[in-house]
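Structure first, commentary second.
Position 1 is the first residue of the sequence; numbering continues from there. Treat the numbers as computed from the prediction; the structure is a model and nothing was measured.
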Amino acid sequence: MNIGSRIKEEIEFSNLSYKELSAKTGIAEGSLYNYVSSTKPSIPPADVAVKIAKALGVTVEYLVNRPGS
């Protein structure tokens, strides 16, 4: 599982919309969709990953290297 899949999983688990996550993080909605894209996902820069993780209540390490992956 890649970081985009984990971000998507956590967004769904938290019941946040991409619009709500965008508002919480200051990250454009389109960028969030790019990170979770199944066809051509992009990897968020470290500072962006920190904002996403914080808003989702997880650590960056969890998103990047979750046990059992």
Task: Atom pair CG/OG1 of Asn34 and Thr39 - distance to nearest 0.5 Å - done: 9.0 Å

TODO: Calculate, to the nearest 0.5 Å, the distance between atoms OH and CG belonging to Tyr35 and Asn2 respectively.
DONE: 14.0 Å

- [ ] Just jot down the side-chain hydrogen bond (donor to acceptor under 3.5 Å, both in side chains) partners of Ser17, sequence neighbours excluded, or say none.
- [x] Glu20

TODO: Would you kindly confirm whether Ile7 and Tyr62 end up in one hydrophobic cluster when ILVMFWY residues are joined by side chain heavy atoms under 4.5 Å apart?
DONE: yes

Task: Whether Ser22 side chain and Tyr18 backbone form a donor-acceptor pair below 3.5 Å - done: no

Which pairs would a plain distance check flag for residues 45-56, meaning a side-chain donor or acceptor within less than 3.5 Å of a matching protein atom at least two apart in sequence or in another chain?
none

Open item on the list: Looking at every non-hydrogen atom in both residues, tell me the closest pair between Arg6 and Leu63 and how far apart they are.
Closed with: CD-O, 2.8 Å

Open item on the list: Would you say that Val36 contacts Ser5 through its side chain, given a criterion of any heavy-atom pair below 4.5 Å between the two side chains?
Closed with: no

Open item on the list: Quick one: does any side-chain atom of Ser14 pair with a main-chain N or O of Glu10 as donor and acceptor, under 3.5 Å?
Closed with: yes

